[in-house]
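A quick note: this is a predicted structure, and the numbers were derived from the prediction, not measured.
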Amino acid sequence: MIKPKICHLIGGQGMGWTGGIKATLNSLESSYLSEKFEFITATLSTASTVIPQQSPDVMIVHAASSWRGLFPLWKLRRKGKLIINEHHYCAGFEDFNVPAVTRFHGMLKLAYGMCDRVITVSQGQQNWILKNKLASADKLTLIPSSRIISDFLNVPIKSINQSPDQPFVLGAYGRFSSQKGFDILIDAVKQIPNSRIKLQIGGGGPDEAKFKELAGNCPNIEFVGRIDDVPAFLSQCDAVVIPSRWEPWGNVCLEARAAGKPIIASAVDGLSEQIQNFGLLVPPGNSVALAKAIQELVNLPADKLIVIGEQGKTSAINAWENYLSNWDKLLEEMT
């Protein structure tokens, strides 16, 4: 039996092949779906060579759409069925990054119009697309992002010692960029002097020097560098903070939920719908509100924090299976 070929197209090592997208594609390609479909991964820069050689049944673009990318997208469209998996744009992105909204919407309408389907990664993102009439409802398919989370689900719920002598460990990790809002988090922690809070920030990126300068000599803040074992990092955290300025979905939030960690997150895009009764939401970009939420969380009784963690873990149990089922259904339909 010849398996249908599915070609994932990414932007390259510096564009879209980092963090959550990489983890998601690796997880997808190692799943049971590989028994039904042949997965190929290529960069957009090599698509003109790979596509004629492989003749995929479906091409899935994971890179951010742009005016410059419209012509290459049109050329792909002529080769077969085309899907855009929209990992990048959302209401929060628009609020923080787009001065010419009409022009931006025009580009997206052209890009989405060339595709057979647009995959939205959160309901909030889909609502933004529909509100601005960027694509018709019948072209949109909602598939909340996920990855293999078994290692996170295996992280035991942590017993929290509320002795004044014991630190309350806040974890935060990801790419050091403006989007992730670590500058807001650092400022918030610095507003809570003489506390038992210990903020551990993992990751790296272009704003690393800026963030470290902002933290200065604050004894409550520690940069732990690149995290190769995320479940192990989460296991020693009492809570996780996700201060993003925008986040179409947010795999960090999914991972923290699966690990049973209370979460404080920005009330944006896909983060808002992931946080239900097991965390706190704060306005994006507001360090004062974030500092208040941190203090509120730290002051909760230990048994309440444990219940919050258990609720988060329960909410994530079926995320990966649902993700695979949604992709299975879509790819069966497209091929």
Side-chain angles (χ1 to χ4, degrees), residues 18-20 90 92-93 95-97 158 160 167-227 230 233-257 259 261-272 274-275 278-300 305 308-309 312:
T18 57
C90 56
F93 176 91
D95 290 342
F96 279 98
N97 297 280
K158 184 181 179 184
I160 297 174
F168 187 97
V169 180
L170 291 176
Y173 61 100
R175 181 171 170 77
F176 287 3
S177 66
S178 175
Q179 176 192 355
K180 300 304 180 182
F182 293 132
D183 54 324
I184 303 163
L185 175 56
I186 291 167
D187 189 44
V189 170
K190 290 172 70 176
Q191 292 176 40
I192 316 173
N194 303 317
S195 71
R196 65 188 186 95
I197 294 167
K198 181 179 181 181
L199 171 62
Q200 294 191 334
I201 307 178
D207 288 346
E208 182 168 352
K210 171 185 172 182
F211 293 162
K212 287 183 175 179
E213 181 180 2
L214 181 61
N217 296 319
C218 181
N220 303 76
I221 301 173
E222 178 186 5
F223 291 85
V224 299
R226 173 176 169 174
I227 302 174
V230 179
F233 171 77
L234 288 174
S235 69
Q236 52 85 48
C237 295
D238 294 308
V240 171
V241 185
I242 309 169
S244 301
R245 289 179 167 88
W246 69 93
E247 203 70 71
W249 169 248
N251 265 357
V252 167
C253 192
L254 172 63
E255 293 165 0
R257 285 161 52 203
K261 300 301 169 181
I263 300 166
I264 302 173
S266 299
V268 294
D269 311 310
L271 293 179
S272 295
Q274 290 196 66
I275 302 297
F278 41 78
L280 300 174
L281 290 170
V282 296
N286 189 327
S287 63
V288 175
L290 182 55
K292 182 179 178 180
I294 291 171
Q295 289 177 303
E296 180 182 342
L297 191 71
V298 171
N299 291 332
L300 287 176
L305 290 169
I308 290 172

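- In this structure the side chain of Phe176 reaches within 4.5 angstrom of the side chain of Ile201, judged on heavy atoms.
- Cys90 places none of its side-chain heavy atoms less than 4.5 Å from the side chain of Glu247.
- Pro262 approaches Leu297 most closely through the heavy-atom pair CB-CD1, 4.1 Å.
- At least one side-chain heavy atom of Phe168 sits under 4.5 Å from a side-chain heavy atom of Leu305.
- From Ser272, atom OG reaches atom CG of Leu281 across 5.0 Å, with rounding to the nearest 0.5 Å.
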Intermediate values then yes/no, side-chain contact (heavy atoms from CB on, under 4.5 Å), Leu185 and Lys180:
CA-CA 10 Å; Leu185 175 56; Lys180 300 304 180 182; over 6 Å; no
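- Nearest heavy atom pair, residue Cys253 against residue Ile275, reads SG-CD1, 3.7 Å.
- Contact of the Phe182 side chain with the Phe223 side chain is not registered, since no non-hydrogen atoms from C-beta on lie closer than 4.5 Å.
- Judged purely by atom type and a 3.5 angstrom limit, Asn220 uses its side chain to pair as donor or acceptor with the backbone of Ile197.
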Trace of the side-chain contact (heavy atoms from CB on, under 4.5 Å) decision for Phe96 with Gln179
CA-CA 9 Å; Phe96 279 98; Gln179 176 192 355; over 6 Å; no
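- Although no hydrogens or angles enter the test, the distance criterion places a donor-acceptor pair under 3.5 Å between the side chain of Asp269 and the main chain of Gly92.
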Trace of the side-chain contact (heavy atoms from CB on, under 4.5 Å) decision for Glu255 with Phe233
CA-CA 11 Å; Glu255 293 165 0; Phe233 171 77; over 6 Å; no
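- Side-chain N or O atoms of Lys158 include none that pairs as donor or acceptor with a backbone N or O of Ser235 at under 3.5 Å.
- Atom-to-atom distance recorded for Leu300:CG and Asp238:CG is 12.0 Å, nearest 0.5 angstrom.
- Between Ala291 and Ala188 the shortest heavy-atom distance is CB-O, 3.5 Å.
- A donor and an acceptor atom, one from each side chain of Gln191 and Ser287, are located under 3.5 Å apart.
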Under 3.5 Å donor-acceptor pairs involving side-chain atoms of residues 207-214, not counting sequence neighbours:
| unit_1 | atom_1 | unit_2 | atom_2 | d |
| --- | --- | --- | --- | --- |
| Asp207 | OD2 | Ser178 | N | 3.2 |
| Glu208 | OE2 | Lys212 | NZ | 2.9 |

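- Note that CD of Gln274 and CH2 of Trp249 are 3.5 Å apart. Values are rounded to the nearest 0.5 Å.
- The shortest distance between side-chain heavy atoms of Leu290 and Asp187 does not fall below 4.5 Å.
- Counting all heavy atoms, side chain and backbone alike, Trp246 lies closest to Val268 at CA-CG2, 4.1 Å.
- For the atom pair Leu234 CG and Lys261 NZ, the distance stands at 7.0 Å (nearest 0.5 Å).
- Residues Ser244 and Leu271 meet the side-chain proximity criterion, which asks for heavy atoms closer than 4.5 Å.
- The environment of Lys292 atom NZ is sparse: at most 12 non-hydrogen atoms of other residues, nucleotides or ligands sit within 6.0 angstrom.
- Taken to the nearest 0.5 Å, the SG atom of Cys237 stands 10.0 Å off from the NZ atom of Lys198.
- Contact check for Ile308 versus Ile263: no side-chain heavy atoms found under the 4.5 Å cut-off.
- Once rounded to the nearest 0.5 Å, the distance linking CG of Leu170 with CD of Glu222 reads 12.5 Å.
- Partner of Arg245 under the side-chain hydrogen bond (donor to acceptor under 3.5 Å, both in side chains) criterion, chosen from Asp183, Asn97, Asp95: Asp183.
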